[in-house]
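Here is the structure we will look at.
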Amino acid sequence: MALLTAMSARYWLRVALDLPLPDLFDYYHTEPVAIGMRVLVRFGARQLIGMVIETPPQPVYQADLVKSIDLLLDDLPPMPDSWLDLAQFAARYYQRPIGEVVLPVLPAPLRRPAAYTGKKAAGGPVARLVARQSKKVSSSKKTIKATPAPTLNSEQEAVVQRLLTTPPPARFLLYGVTGSGKTETYLRLALEILAQGKQVLFMVPEINLTPQFEKTLRQRLVAADGQPYDIAVMHSGLADGKRLESWLAASQGQARVLLGTRMAVFSPMPDLGLIIVDEEHDPSYKQQDGLRYSARDLAVWRAQHLGITVLLGSATPSFESWRHAELGHYHLLRLTQRATAMDMPEIRLIDTRRAQLEQGWSEQLLTALQQTLDAKQQALIYLNRRGYSPVLHCGACGWLSQCPHCSAYAVLHKGYKHYMQCHHCGQQSPVARHCPDCGHIDLKPLGQGTQRIEEFLTERFPQARILRIDADSTRRKGSAEQLFAQVHAGEVDILIGTQMVSKGHDFSRLALVGILNADTMLFAQDFRAPERLFAQLMQVAGRAGRHQAGAQVLVQTDYPDQAVYQALLKHDYAFFAQYELPQREATGLPPYVHLALITAEAKEVAQALAFLKQAKEWAQHPDMPGGDQVFLYDAVPLRIVRVANIERAQLLIESSHRAALQAFLRVWGSQLDELAKHYRCKFTLEVDPQEI
Ligand code: ADP
Ligand code: ZN
Ligand code: ZN
């Protein structure tokens, strides 16, 4: 008994851990601990870093079994309330435990126990970083002369006026054609907000876009007294230490601007006054594993919660945002003209059913390439398929190079060594020398990938400097940046690329864009395929002729009458939306309804289907919230049913009432873990799925 009384006070903590368990965990400490502090705790045999979410008067668990924390990590102040609100919202909305939100979004060193224990910890990663920084000679603050701002054209002027005179909180959708000078309007608004002493969060969809954007921001975001605003950059390509540095700079308010990809939406910013989401339609804003969040949607929520303004920009807005604008939820701003007095490039469709093709190339496109080279200008050939050829084929028996582990073909890659690779499971294998079925030795590559395009063009235009940019040619860290630098430096005559090259880049001499296999996306199963295709085509077409007249875009297609292509011809997003949206409404698809998607994985698809069938039956239980406002489709196998020997099926859930869907998912989703175990399945539940 003496022992007990001698024991110091206990302060109960409910701690979030990064575990796929829906609960918080009880610990105690001998001093009071603020909510939002990180703690080092024991969990079973492991040591983990967790975050304090509640400090109840009594533990939920049996008090005498509750353990003490090992260490209070007080190298940082508690996470701010508004940040915790954002995390709580994300956890609720995306139906994940809070621990799967608050920890993974922190820079790795802040959630890695090893960074705080052991000999080399030296007070933890924050202390080590501060020590390193103080050793560096602090560069005296330079004043610089900002690159002068261009005079706005009348459309830009009107947009900037609206932006500056609409009091926060406001939600804007800026619909501006490619090259219309959206960035300029972002900069004007950002400068205004920065001058008010607030921070600005700039979001871009791709790592590859950050260097170009960063340069613009550094040149232009300069205060009236000539002091450049401190800018931090954050994306998944940064080393852990660098990312921690940016995160600290933003969260301590030293960086006034944070430029980042989707993860940046979770960066604490004490003085946040504006969020800008560029290319808001881009699917990269959606995280595809763990917490499957949409950074754009969270940005809108965060802005609303803070009472600040959010500006979404795109040449091809997502139908979700477009619909919000139609309903008056967002102010719609338009830029219909190119800023640089350049016309939009001329777009022409080449009907490949009628044209004579040479290895898939039309005469028209080849002639245009030759003319572009003669004029010493750049051309871009766009093909959204990497590798040499998507499949190897035996002419004698019809054998195709099937991946042994997936219901997909292995792709032929050429290079220093030739190999086959499956783009779904990643497995590489040697190239078959003869047909494994009939022994025939003349196996032929069917179809074209970027490597084959490169080979063809190198033979056809031996004088031209040709560069290929795709996931294969940019595998090494930093190589994408290098390759893009070559293009910008004018060292490339023909650039061949996948969608990696289509976004945001401002190529100065680009006079011709040739688009090769767009049709393959036209009939994809996903209901968003036409929307995606249109956005991609507009993007890639928009790379042409940004700085000179007479640019053209040539699209080879078997289906020139499709609405996607007709809208493209006119550069008319609104026309496309008018055609596509009524179909979405008629068939009950977003943005008119809300969706959730369960994907189940098992050894055999039958198990996955059985699990989903049972899950659907449970959903029909009369006690289930949501009731007749929630509709469940039948479970179906995925189109590519097997990947890496795992078979997959999915079940789509639909409702026109977001709240009903949320309530339903909360109850139903929480019952599925047990059921999945019974059927030996794994499953993921995704809210607002992007790919179906
Ligand atoms: P977007 O983001 O809408 O595709 P950008 O913001 O990249 O377009 O602008 C396209 C080009 O036009 C850039 O080179 C930019 O510097 C230039 N620009 C923008 N506004 C003006 C302006 N008012 N006068 C002259 N050039 C401009
Ligand atoms: Zn054969
Ligand atoms: Zn495979």
Side-chain angles (χ1 to χ4, degrees), residues 147-160 174-190 202 204-205 209 212-213 215-217 219-220 276-280 311-317 333-342 344-345 391-411 420-429 432-444 488 502-508 510 538-548 571 573 640-647:
T147 309
T151 316
L152 298 177
N153 62 37
S154 58
E155 275 192 333
Q156 283 173 315
E157 188 66 57
V159 164
V160 168
L174 173 58
Y175 160 45
V177 299
T178 52
S180 59
K182 292 188 285 296
T183 313
E184 193 54 46
T185 66
Y186 302 158
L187 293 169
R188 301 290 168 109
L189 179 60
F202 258 102
V204 290
L209 289 177
Q212 207 177 351
F213 228 99
K215 198 170 141 211
T216 307
L217 296 187
Q219 285 167 344
R220 293 291 308 283
I276 292 168
V277 184
D278 193 26
E279 313 284 5
E280 65 86 26
L311 170 56
L312 311 178
S314 176
T316 52
L333 307 170
R334 291 171 194 257
L335 292 173
T336 62
Q337 308 287 326
R338 281 207 155 166
T340 47
M342 285 301 140
M344 295 298 280
V391 62
L392 207 54
H393 172 244
C394 170
C397 76
W399 172 88
L400 293 165
S401 56
Q402 181 80 41
C403 170
H405 311 294
C406 306
S407 36
Y409 297 121
V411 176
M420 306 297 295
Q421 188 188 28
C422 170
H423 288 183
H424 295 273
C425 70
Q427 184 183 287
Q428 295 191 4
S429 52
R433 287 174 185 277
H434 48 78
C435 174
D437 283 1
C438 75
H440 188 67
I441 48 165
D442 196 17
L443 299 179
K444 290 238 158 55
H488 290 300
S502 66
K503 293 176 190 170
H505 290 281
D506 195 7
F507 302 124
S508 56
L510 194 66
M538 289 286 276
Q539 280 289 335
V540 71
R543 296 313 105 209
R546 291 165 79 89
H547 302 278
Q548 77 237 337
H571 300 275
Y573 168 83
I640 295 175
V641 64
R642 192 160 45 100
V643 167
N645 295 323
I646 303 284
E647 302 196 338

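Whatever order the structure lists them in is the order used to number ligands and atoms, beginning at 1.
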Within 6.0 angstrom of Phe507 CZ, more than 12 heavy atoms from elsewhere: yes

Ligand-residue contact atoms, ligand 1 with Gly179, heavy atoms, under 4.0 Å: 1 (P), 3 (O), 4 (O), 8 (O), 10 (C)

Ligand 1 contact on Ser180 by region, counting heavy-atom pairs under 4.0 Å: both

Numbering as shown, the atoms of ligand 1 that approach Thr151 to under 4.0 Å (heavy-atom distance): 22 (C), 23 (N), 24 (N)

Option whose closest heavy atom lies nearest to atom 27 (C) of ligand 1, chosen from Ser154, Ser314, Ala339: Ala339

Atoms of ligand 1 close to Asn153 [distance to a heavy atom under 4.0 angstrom, numbered from 1]: 23 (N)

Polar side-chain atom of Thr340 near backbone of Arg546 as donor-acceptor pair, under 3.5 Å: yes

Sphere of radius 2.8 Å around the Zn ion (ligand 2) - protein N, O or S atoms inside: Cys394 SG, Cys397 SG, Cys435 SG, Cys438 SG

Close-contact set for ligand 1 against His547 heavy atoms, below 4.0 Å: 14 (O)

Proximal atoms of ligand 1 relative to Thr340 (non-hydrogen, under 4.0 Å): 11 (C), 12 (O), 17 (C), 26 (N)

Every N, O or S from the protein that is nearer than 2.8 Å to the Zn ion (ligand 3): Cys403 SG, Cys406 SG, Cys422 SG, Cys425 SG

Atoms in ligand 1 with a heavy atom of Thr178 nearer than 4.0 Å: 4 (O)

Member of His571, Gln337, Lys182, Met344 meeting the side chain to side chain contact (heavy atoms under 4.5 Å, CB included) criterion with Val177: Met344

Which segment of Val177 sits under 4.0 Å of ligand 1 when only heavy atoms are counted: backbone

Side-chain donor-acceptor pair present, Thr336, Glu155, cut-off under 3.5 Å: yes

Under 3.5 Å: N/O of Gly181 near N/O of ligand 1: yes

Option whose closest heavy atom lies nearest to atom 7 (O) of ligand 1, chosen from Lys182, Arg546, Arg220: Arg546

Per-residue contact class, Thr183 against ligand 1 - non-hydrogen pairs under 4.0 Å: both

